[in-house]
Q: 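One structure, pasted below without further comment.
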Amino acid sequence: MISKRTEEMTSFIVMDVLERANEMEREGIHIVHLEVGEPDFDTPVCVKNEACRALEDGHTHYTHSLGLFELREAICEYYLSNYGVSIDPDQVIVTSGSSPAIFLVFSALLEPGDEVIISDPHYACYPNFIKFVQGQPVTIPVYEEDGFQYRPESIKEKLTTKTKAIFINSPSNPTGNLLSADRMQQIAALTQCEQYPYIVSDEIYLGLVYEGKEHSILEFTDHAFVLNGFSKLFAMTGLRLGYVISPKAFVRPMQKLQQNFFISANSMVQKAGIAALKEADQDVARMKEIYDKRRRFMISRLKEIGFGITVEPTGAFYVFANARHISEDSYKLAFDILEKAHVGVAPGIDFGPNGEGYLRFSYANSLENIKEGMNRLEKYLKG
Ligand SMILES: Cc1ncc(COP(=O)(O)O)c(C=O)c1O
């Protein structure tokens, strides 16, 4: 018998779209992939070289369960130079991607029935992480006209004696929008209320911001857990490296979880992570410049062919466009676009009920492919 909580877990619909697209590709059909949230760029050479060197130098064994001290120090230096926040290596736990980091934080933080506030739409996997450790996701709709930013007063209304955390994700997947400093400040102020909730801030898209100033939650409060990783900014998805920056009291409890469940992150990849933080600036700048060109192009083409974009996204590599005039059923629409126009897109419903009627387009693909995808979409819409 499969356990109830595994049975109850929903699939990641965008992966279903991708798998169907791969099936069509095997039949010889050319697909333009705008569904996947994965950098199309090669991993920076300095990172690959360091990984190879580390392998040759024998970095093939377990490391300290918190991660290599040198990497934890490099993470602290990175946060200090980019966001002006001073953290201690003793607050950093290195993980095999930010996904295990999410698991560690909620495992350490939640008792059965404890509530975690998340926005709707949100990254598809958040509710599953929370429910798997018997927590209760409490969703707050966020709206296109606000640039899908939380209204801090809506969060306040949902706080109960069971609220343990407020989850934020800026820049956001799926919307590509950022929380303004002002709203971040107001959300941080909520940690001072009676329930004393923590902020859990998924900062995996920090660095990929094309307009305006980006912020870490740690600039506003230290009553927070930061989740971050190397997958997106450094195009290292398959290398699996991430981390948590945690209040000190939670480090030892999470270390015990890490020791039991994961032992340590991959040792040679940790060495490569140090190179990413210290040597990949120019690679990141180059990728960012290209993402920005694609972003501008995609936004203008999507608007031209009739999709609704009220507040233009300025971060990550997504455009979350209103498609209600075409269909209220984003799941059906995404698969219809795939079958008829041969373009992979992510249905808004994957990101929560309030995402229904939207489609998420990823510009982690070449400008040439994006142009082709937009042309195919235009033709599809003209019927
Ligand atoms: C918002 C967000 N958080 C976390 C992750 C997981 O990233 P990883 O486990 O590769 O670090 C993703 C991946 O798409 C994401 O979009």
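Small disclaimer: the values here were computed from a predicted structure and weren't measured. As the structure lists them, so they are numbered: ligands from 1, and atoms in each ligand from 1. Counting from 1, the numbers follow the sequence of the chain as shown. Below, all heavy atoms of this structure are taken into account, side chains as well, without hydrogens, waters or symmetry copies.
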Q: Among all the protein's non-hydrogen atoms, which is closest to atom 3 (N) of ligand 1, and how far away is it?
A: D202 OD2, 2.6 Å
Q: Any idea which protein heavy atom is nearest atom 8 (P) of ligand 1, and the distance to it?
A: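 Looking at atom 8 (P) of ligand 1, the protein heavy atom closest to it is S98 OG, 3.4 Å.
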Q: Determine the interplanar angle of the F148 and Y358 rings, folded into 0 to 90°, and report it as parallel if under 30°, tilted if 30 to 60°, perpendicular if over 60°.
A: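 Geometry flag for Y358 against F148: perpendicular rings.
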Q: Under 4.0 Å, heavy atoms only, figure out whether ligand 1 is touched by the backbone of F129, its side chain, both or neither.
A: neither
Q: Any salt bridge between D146 and R151, counting N to O under 4.0 Å?
A: yes
Q: With a cut-off of 4.0 Å, which atoms of ligand 1 are near a heavy atom of N169?
A: 1 (C)
Q: How are the rings of H325 and F307 set to each other: parallel, tilted or perpendicular (split at 30° and 60°)?
A: perpendicular
Q: Please name the residue in the list Y126, F167, F132 that meets the ring pair (Phe, Tyr, Trp, His ring centres under 6.0 Å) test with F106.
A: F167
Q: Are the side chain of T237 and the backbone of S231 linked by a donor-acceptor contact shorter than 3.5 Å?
A: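 Side chain of T237 to backbone of S231, a donor-acceptor pair under 3.5 Å: no, none is there.
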Q: Looking only at distances, can you tell me whether any N or O atom of S99, backbone or side chain, sits closer than 3.5 Å to an N or O atom of ligand 1?
A: yes
Q: Using atom types as modelled and distance alone, determine if a side-chain donor or acceptor of T6 lies under 3.5 Å from a backbone N or O of I2.
A: no
Q: So which bit of E38 gets within less than 4.0 Å of ligand 1, heavy atoms only: side chain, backbone, both or neither?
A: neither
Q: Just let me know how L227 lines up against ligand 1, side chain, backbone, both or neither, with a heavy-atom cut-off below 4.0 Å.
A: neither
Q: Without swapping roles, check the side chain of S98 against the backbone of A101 for a donor-acceptor pair under 3.5 Å.
A: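 No: the side chain of S98 does not pair with the backbone of A101.
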Q: Taking only heavy atoms of Y126 into account, list the atoms of ligand 1 that are under 4.0 Å away from them.
A: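 Matching atoms, with element in brackets: 1 (C).
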Q: Can you tell which part of Y205 has a heavy atom less than 4.0 Å from ligand 1: side chain, backbone, both or neither?
A: side chain
Q: For R183, does its backbone N or O pair with a side-chain atom of S180 as donor and acceptor, under 3.5 Å?
A: yes
Q: So if I count the atoms of ligand 1 from 1 in the order they appear, which ones are less than 4.0 Å from some heavy atom of R240?
A: 8 (P), 9 (O), 10 (O)
Q: Distance to 0.1 Å, residue and atom name: give those for the protein heavy atom nearest to atom 13 (C) of ligand 1.
A: K232 NZ, 3.0 Å
Q: With a 4.0 Å heavy-atom cut-off (strictly under), which part of S231 contacts ligand 1: side chain, backbone, both or neither?
A: side chain
